[in-house]
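Notes follow the structure.
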Protein chains: 2
Amino acid sequence: MKVTINDVAARAGVSIKTVSRVINNEPSVRPATRKKVQEAVEALHYQPNLAARNLAGSRAYTIGLIYDNPNAYYVINMQNGILDACKARGYELLIHPSNSKSESVHQELEDLVLHSKVAGLVLTPPFSETKSVIDTLKRLNVDYVRIVSKTADLEDVEDCIQVDDTAAAFDLTQHLLQLGHKRIGFLCGGEEHVSTYGRREGYRQALEQAGIPVEEDLVLKGEYSFDSGVQGAKKLLSLDKPPTAIFASNDEMAAGALFAARLMNIDIPGQLSIVGFEDSPFSRQTWPKLTTAHQPNNEIAKCAAALVLSKARGHTATESGSASKEAGIKREFIPELVVRDSSGPAPTE
Amino acid sequence: MKVTINDVAARAGVSIKTVSRVINNEPSVRPATRKKVQEAVEALHYQPNLAARNLAGSRAYTIGLIYDNPNAYYVINMQNGILDACKARGYELLIHPSNSKSESVHQELEDLVLHSKVAGLVLTPPFSETKSVIDTLKRLNVDYVRIVSKTADLEDVEDCIQVDDTAAAFDLTQHLLQLGHKRIGFLCGGEEHVSTYGRREGYRQALEQAGIPVEEDLVLKGEYSFDSGVQGAKKLLSLDKPPTAIFASNDEMAAGALFAARLMNIDIPGQLSIVGFEDSPFSRQTWPKLTTAHQPNNEIAKCAAALVLSKARGHTATESGSASKEAGIKREFIPELVVRDSSGPAPTE
DNA sequence: GAAAACAATGACAACGCTGTCATATTATCG
DNA sequence: CGATAATATGACAGCGTTGTCATTGTTTTC
């Protein structure tokens, strides 16, 4: 029922150490021997026991995902992406939702790393952008990859998968400008997210390029939630001179803005255009469907996981396939404009 | 840095076996000794190493969650609920998304159980309701708890957490009837889900009680997705004599129905009432907000996990706190009617 | 108060693998 | 062809726990 390395060794007529070499892709095994072992593995459906590997080896076979994100779609996409990368390499995923506002994160991280040996961690915003968290991780000497918003003053770029929020926000804003909008409201995300600033910056740059000054009244603080979108839009639309378009910093906020517009009997996109950011599934489930920027979270997560693993493996240079395993791992993503039905020509006054 | 059972033993002046006894709550340790050990554990921040426990012990310290559900909110809630239960008891969660339509599930399950020792599995629909999957699990002799839709002919009730879809659907339908609706369309979920039948049955019973015959034209096949909701609603609303209310089998379908109604310029709830099922976050993010039945997935998952763990522990009767650990674990849930804005009085003809 | 019963503790061998190091085999070279 | 250098393989000791079983206290019992 339960087949161990001994069974394989016996069947292949070699020592367990040789079997170990084969399954770990270590050098110094003659092709013929390797083949014998591989056949035995196949025949017996052998799968190395994870607990034993973790215990015995210096490497670990689990990667952890740290997140604090109320957006279920985001989280699921991250998980699936990582899982994809893990499965291909025989690793497992340990998920760890946490609260970025609580001070306990550091203790939790320490426990996680010490208690259940992890090969590495994937961090999502806002953890990935919190210095104290990164410091803790450095102190614990654990590998990690941060999924972060691209900014100029980023340290340790090699630990990061970057998302260029600024460029995407620029495109989105330009799209609105091209539709003839001159007054474009902007709903900011939470201040603990660097993406908030990146997206606003893209908005600013596009306006600047078009020679339109940023009106501070049109830029509202908020957070990445539906309710925040509702509140923000209400406020913008109650202005004496309301904007003809609203850039909501994510899809959830955009859905909220849509909701507020409906409340106020405003036609979308006839009287008001709304754009979101992320292209989460429900940007297709609103009425009308949202114009947004597609952020390939699944793919991003996959790359992050691949990067963590290549780092983790880097240490134990026992690999045969030497050097740069990192080749082919995309390190920067620019969300792409997706035009749907929530944006249209600016109304003629 | 990394503190092991040896460190604790040394500090407490006992053997490692005694420490093991204390941390596992085994009997036969004098209170004074127990206290000494506990103090040492505290002082050193000792946390037993999971890999070692898994390897050495007969029990496992990981619980697996098997799901195949496109609904991100559902999955996240399940995960969080299980994680809650796990954390309290020092277990870990291994998530395993799978494809219920593929034949590979059985092999995957086998690998999962054999490869990474699990204490037990939590199954969600449709796996929890698929006989062949259950058979495989029985054969593998692994503990599991199934989250299922309550039905009369359910075997092995003690393995289940039941959700009474019929009762909730009955309430929802009755709500519509009380608003004066006589022609109520029904959009079915996927046929692989038992809940689909339960919900339809509740709908039927309510109509029957009200003395209204079920019109087969008003009951449409579908699946638990937004698009299916759109299609179904379009069809119903194109009928010669369209219904005045639509019961969508879940919130996503209801959102789809809402979308279709908007497309056809139908006022909700003025001309048409729509109700959903589940009370997922986005039932609050549609316009108008959905009347639905609240299904406490987080709580359900928590109970499922608690049940798995109590089962797993049952085997190793080493526990001090004897017998029925299962006390206090809720085994049946009836989603509760939540009236919001998508349902209103039937239009006068 | 000695025998019997029981409770508390510890020594030591697993668990299934990887790491280290010694050994056996094969290739290389003068 | 013999010596030397690689290369391939295996023996064996951990990794940090738990499980088994033997040993040492501590009660109870008559």
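To find a chain, count down the sequence lines: A is the first, B the second, and so on, and within it residues start at 1.
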### Message
What I want to check is whether an N or O donor and acceptor connect the side chain of B/Arg21 with the base of C/dG10 at under 3.5 Å.
### Response
yes

Would one find a side-chain N or O of [X] under 4.0 angstrom from OP1 or OP2 of [N]?
X: A/Asn24; N: C/dT18; value: yes
X: A/Arg53; N: C/dT18; value: yes
X: B/Ser20; N: D/dT18; value: yes
X: A/Tyr61; N: C/dG16; value: no

Specify the separation, in whole Å, of atom [atom1] of [X] and atom [atom2] of [N].
X: B/Lys35; N: C/dA8; atom1: NZ; atom2: C1'; result: 18 Å
X: B/Ile16; N: C/dG10; atom1: CD1; atom2: P; result: 10 Å
X: A/Leu55; N: C/dG16; atom1: CG; atom2: C1'; result: 9 Å
X: B/Arg34; N: C/dA8; atom1: CZ; atom2: P; result: 9 Å
X: B/Lys2; N: D/dT17; atom1: NZ; atom2: C1'; result: 13 Å
X: A/Leu50; N: C/dC17; atom1: CG; atom2: P; result: 10 Å
X: B/Asn54; N: C/dA14; atom1: CG; atom2: C1'; result: 15 Å
X: A/Asp7; N: C/dC17; atom1: CG; atom2: P; result: 9 Å

### Query
Using a cut-off of 4.0 Å on non-hydrogen atoms, how would the nucleic acid contact of A/Thr4 be classed: base, sugar-phosphate, or nothing?
sugar-phosphate

### Message
Classify A/Ser28 by what it touches in the nucleic acid, base, sugar-phosphate, or nothing, heavy-atom distance under 4.0 Å.
### Response
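A/Ser28: base contact, heavy atoms under 4.0 Å.
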
### Query
Does B/Tyr67 reach the side chain of B/Ile95, with side-chain heavy atoms less than 4.5 Å apart?
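Contact flag for B/Tyr67/B/Ile95 side chains = yes.
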
#### Entry: Minimum side-chain heavy-atom gap B/Leu112-B/Ile66 below 4.5 Å
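B/Leu112 vs B/Ile66: side chains touch.
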
Check every atom of [options] against the side chain of [X] and return the nucleotide holding the closest atom.
X: A/Ser15; options: D/dG19, D/dG10, C/dG16; value: D/dG10
X: B/Asn49; options: C/dT9, D/dT17, C/dT18; value: D/dT17
X: B/Lys17; options: D/dT20, D/dG16, C/dT26; value: D/dT20
X: B/Glu26; options: C/dC17, D/dG19, D/dG10; value: D/dG19
X: A/Arg30; options: D/dT9, D/dT18, C/dT18; value: D/dT9
X: A/Thr18; options: C/dC15, D/dT9, C/dG19; value: D/dT9

### Task
Could you check A/Asn6 against B/Thr33 and say which one's nearest nucleotide on DNA chain C is further toward the 5' end?
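The answer here is B/Thr33.
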
### Query
For A/Tyr144, is the NZ or CZ atom of A/Lys311 found under 6.0 angstrom from the centre of its six-membered ring and inside 45 degrees of the ring axis?
yes

### Task
Determine yes or no for a side-chain-to-main-chain donor-acceptor pair under 3.5 angstrom, with B/Ser100 supplying the side chain and B/Phe127 the backbone.
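No: the side chain of B/Ser100 does not pair with the backbone of B/Phe127.
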
### Query
Between CD1 of A/Ile76 and CG of A/Asn297, what distance do you get to the nearest 0.5 Å?
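If we round to the nearest 0.5 Å, A/Ile76:CD1 and A/Asn297:CG are 12.0 Å apart.
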
### Short side-chain donor-acceptor distance under 3.5 Å, B/Ser149 and B/His193
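The answer is no; no qualifying pair exists.
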
